[in-house]
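Here is the structure we will look at, set down as C-alpha cells.
Just so it is clear: chains get the letters A, B, ... in the order the sequence lines come, proteins before strands, and each one is counted from 1.
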2 protein chains.
Amino acid sequence: MSKKSPPMSPQQIKTVARMFKVLGDPTRLAILKMLFDQPLTVTEMVDALEAKQANISKHLGMLHDAGLVSRERNGNQVTYAICEPMVFDLCQLVCCKLQKDAVQQAKDMGIKASALR
Amino acid sequence: MSKKSPPMSPQQIKTVARMFKVLGDPTRLAILKMLFDQPLTVTEMVDALEAKQANISKHLGMLHDAGLVSRERNGNQVTYAICEPMVFDLCQLVCCKLQKDAVQQAKDMGIKASALR
DNA sequence: TCATTAAATTGCCACATAGCAATATGGAAA
DNA sequence: TTTCCATATTGCTATGTGGCAATTTAATGA
C-alpha cells in the first residue's frame, strides 16, 4: 500500500506557497530573527539592520498581513512581535538542514575536526 | 534572562531565504506534493499537473539545485524523488497552521459543527 | 544513419517586488 | 494650533522569474 498525501486544492497550495514566499526574503528573515528574542519597535529594527525605514515598514506590513507578527501602537511608536510560533520551527528546520549539509561537506572534503576548533 | 537566538551571518540568512523562496511557488509545491507519494518521471508530472513540459522541467531544476529532489536517468526518461525529508515537515507545519486558522475563523463566524459535516 | 520520444535549454514577454526618495499620516508635546 | 517624531504610503526603477513557444540535447529503436 502506498501512503497518500492528503488531498489539497490548488487554492490551498497557493496559500501555503504564499506563506513560504513571505519567508523567502533575507530582510524579512532578519526581522523575524530579531523578533524571536523580543518585541521591537520599527526604529529599533531600522537601526539594527541599518536599513531604510520605508523598506522595513513595508516588510513588516507583509509579515503582518501574513499573520506572522502582531502590531501594537504605543503612543508615537509601533511595536511588533512574533505571533505565530510556527515560524520559529520552520526556521529551525531549515537551519538544521543547512548545518548538517555543511558538516557533511566538510567531511567530504576531508577536513579534520581539529581544523574546526 | 532573555533567550537569544543563535547568531547568523547575512550569508546564512540569505541561504535560508533561498530555501523558503524555492518553496514559495504553487507549481513547485504541487510537484513536491506528488513526489511525497512516490518518485515520478517528468512526463508523469506534466500529465498530472496539465502543465507545459518546459515549465515543469525548469521547476524541477530549481528543486534539484536546492537539494530537495534527486534526479535519476533511466534510459530515455528521468525520475525525480524527494531526497530531503525536511520538506515534508515544513509543509506539514504550514498546513497545520492554516487548518487551525480556518477552524478558528469558522468558530469566530459562529458556524456550527453540524454545518461542516 | 535517421527517426522518435523524453527532457533540458533558450529567447521572449508580462508581472511581481525589493530598494530608494519623497511625501503623507498619526500621535505627542510645546 | 504648530511643531516634531515615528511610521506608513506612494511613485519610481531595476531585477528576478513564471509561463509560453521554439530549439537543442540525450537515449532508444528502425
Problem set entry | Residues from residues 53-60 of chain A lying under 4.0 Å of DNA chain C - heavy atoms | A54(A), N55(A), K58(A), H59(A)
Exercise. With respect to the phosphate group of dA6(C), does any side-chain polar atom (N or O) of Y80(B) fall under 4.0 Å of OP1 or OP2?
Worked result: no
For this session: Report the residues that fulfil side chain to side chain donor-acceptor pair (under 3.5 Å) with Q105(B), sequence neighbours left out, ordered by chain and then residue number.
Result: none
Exercise. For DNA chain D, which residues in residues 44-52 of chain B have a heavy atom at a distance below 4.0 Å?
Worked result: K52(B)
Problem set entry | Within residues 73-92 of chain B or reaching into it, pairs that qualify as ring-ring contact (aromatic ring centres under 6.0 Å, His included) - sequence neighbours excluded | F36(B)-F88(B)
For this session: Please identify each residue that fulfils side chain to side chain donor-acceptor pair (under 3.5 Å) with D65(B), with sequence neighbours left out.
Result: none
Exercise. How many angstroms lie between atom OG1 of T79(A) and atom CZ of R71(A), to the nearest 0.5 angstrom?
Worked result: 11.5 Å
For this session: Return no unless some side-chain N or O of R71(B) is found under 4.0 Å from OP1 or OP2 of dA8(C).
Result: yes
For this session: Any chance you could lay out the side chain to side chain contact (heavy atoms under 4.5 Å, CB included) test for L60(A) and M45(A), step after step, and finish with the verdict?
Result: CA-CA 10 Å; L60(A) 285 169; M45(A) 294 186 257; 3.8 Å; yes
Seminar exercise, completed: Taken in chain and number order and not counting sequence neighbours, the residues that satisfy salt bridge (Lys or Arg N to Asp or Glu O under 4.0 Å) with D101(A) are K97(A)
Exercise. Under 4.5 Å between any side-chain heavy atoms of L93(B) and D89(B), yes or no?
Worked result: no
Exercise. Where does the chain A footprint on DNA chain D start and end, counting 5' to 3' with a 4.0 Å heavy-atom cut-off?
Worked result: dC5(D) to dG11(D)
Problem set entry | From CA spacing to verdict: side chain to side chain contact (heavy atoms under 4.5 Å, CB included), L40(A), I31(A) | CA-CA 10 Å; L40(A) 292 170; I31(A) 290 174; over 6 Å; no
Exercise. What heavy-atom pair brings I56(B) and A51(B) nearest, and what distance separates the two atoms?
Worked result: CD1-CB, 3.7 Å
Problem set entry | Hphob cluster co-occupancy, V87(A) + L98(A), side-chain heavy atoms under 4.5 angstrom | yes
Exercise. When you check every protein heavy atom under 4.0 Å of nucleotides 25-30 of chain C, what one-letter string (B, S, -) results, 5' to 3'?
Worked result: -BBS--
For this session: Scan residues 39-51 of chain A for pairs that pass side chain to side chain donor-acceptor pair (under 3.5 Å), counting only residues two or more places apart or in two chains.
Result: T41(A)-E44(A)
Seminar exercise, completed: Sorted by number, residues from residues 16-26 of chain A placing a heavy atom under 4.0 Å from DNA chain D are none
For this session: Taking side-chain contact (heavy atoms from CB on, under 4.5 Å) as the test, write out the residues that go with A81(B), two or more places apart.
Result: P39(B), S70(B)
Show me, pair by pair, the donor-acceptor contacts under 3.5 angstrom made by side chains of residues 13-28 of chain B, not counting sequence neighbours?
unit_1, atom_1, unit_2, atom_2, d
T15(B), OG1, Q11(B), O, 2.9
D25(B), OD2, T27(B), N, 2.9
D25(B), OD2, R28(B), N, 3.1
R28(B), NE, V22(B), O, 2.6
R28(B), NH1, H59(B), ND1, 3.0

Exercise. How far does CE of M86(B) sit from SG of C95(A), to the nearest 0.5 angstrom?
Worked result: 10.0 Å
For this session: Using atom CG of L40(B) as one end and atom P of dA6(C) as the other, report the distance to the nearest whole Å.
Result: 15 Å
For this session: Write down the atom of M34(B), the atom of A48(B), and the distance for their closest heavy-atom approach.
Result: SD-CB, 3.5 Å
